[in-house]
Amino acid sequence: MLTMPCGRINTPEFAEKILEDDKADLIVMARAQLADANFCNKAKNGQVNQIRYCIGCNQGCYDYFCNSLYDPSIKHIT
């Protein structure tokens, strides 16, 4: 059985540690990808100082998503 944790895994170092410690088989990083669509490419290329990290504010992703359910003028999350 594969394990795949998610939620507040915000840095490449944290994700790598989970994998190195054999605590999971795959890593899910949704908000990290929302904050920086090139997160994984930057991490892979050693450009971690260029990553725009999620700060967990919920204002650009979760709030926009919830509001978009009721207001069709909101087209996307940020």
Are there more than 12 heavy atoms of other residues, nucleotides or ligands under 6.0 Å from atom CZ of Arg8?
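Buried by this count: over 12 neighbours within 6.0 Å.
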If the condition is side-chain contact (heavy atoms from CB on, under 4.5 Å), which residues does Ile74 pass it with, not counting sequence neighbours?
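For Ile74 the side-chain contact (heavy atoms from CB on, under 4.5 Å) partners, ignoring immediate neighbours, are Tyr64, Asn67, Ser68, Asp71.
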Using a 4.5 Å cut-off between side-chain heavy atoms of Ile, Leu, Val, Met, Phe, Trp and Tyr, which other residues end up in the same hydrophobic cluster as Met29?
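Met29 clusters with Ile9, Phe14, Ile18, Leu19, Ile27, Phe39, Val48, Ile51, Tyr53.
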Least distance between heavy atoms, Gln33 atom then Cys40 atom
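Smallest interatomic distance, heavy atoms only, reads NE2-SG, 2.9 Å.
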Smallest heavy-atom separation, Pro5 atom then Ala24 atom, equals CD-CB, 3.2 Å
Who pairs with Lys17 by salt bridge (Lys or Arg N to Asp or Glu O under 4.0 Å), at least two apart in sequence or on another chain?
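Per chain and number, Lys17 pairs via salt bridge (Lys or Arg N to Asp or Glu O under 4.0 Å) with Asp21.
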Which residue pairs satisfy the side chain to side chain donor-acceptor pair (under 3.5 Å) criterion with at least one member in residues 39-48, sequence neighbours excluded?
Asp36-Lys42
Identify whether Leu34 and Leu69 are in the same connected component of the hydrophobic contact network (ILVMFWY, side-chain heavy atoms under 4.5 Å).
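Linked, Leu34 and Leu69 end up in one cluster.
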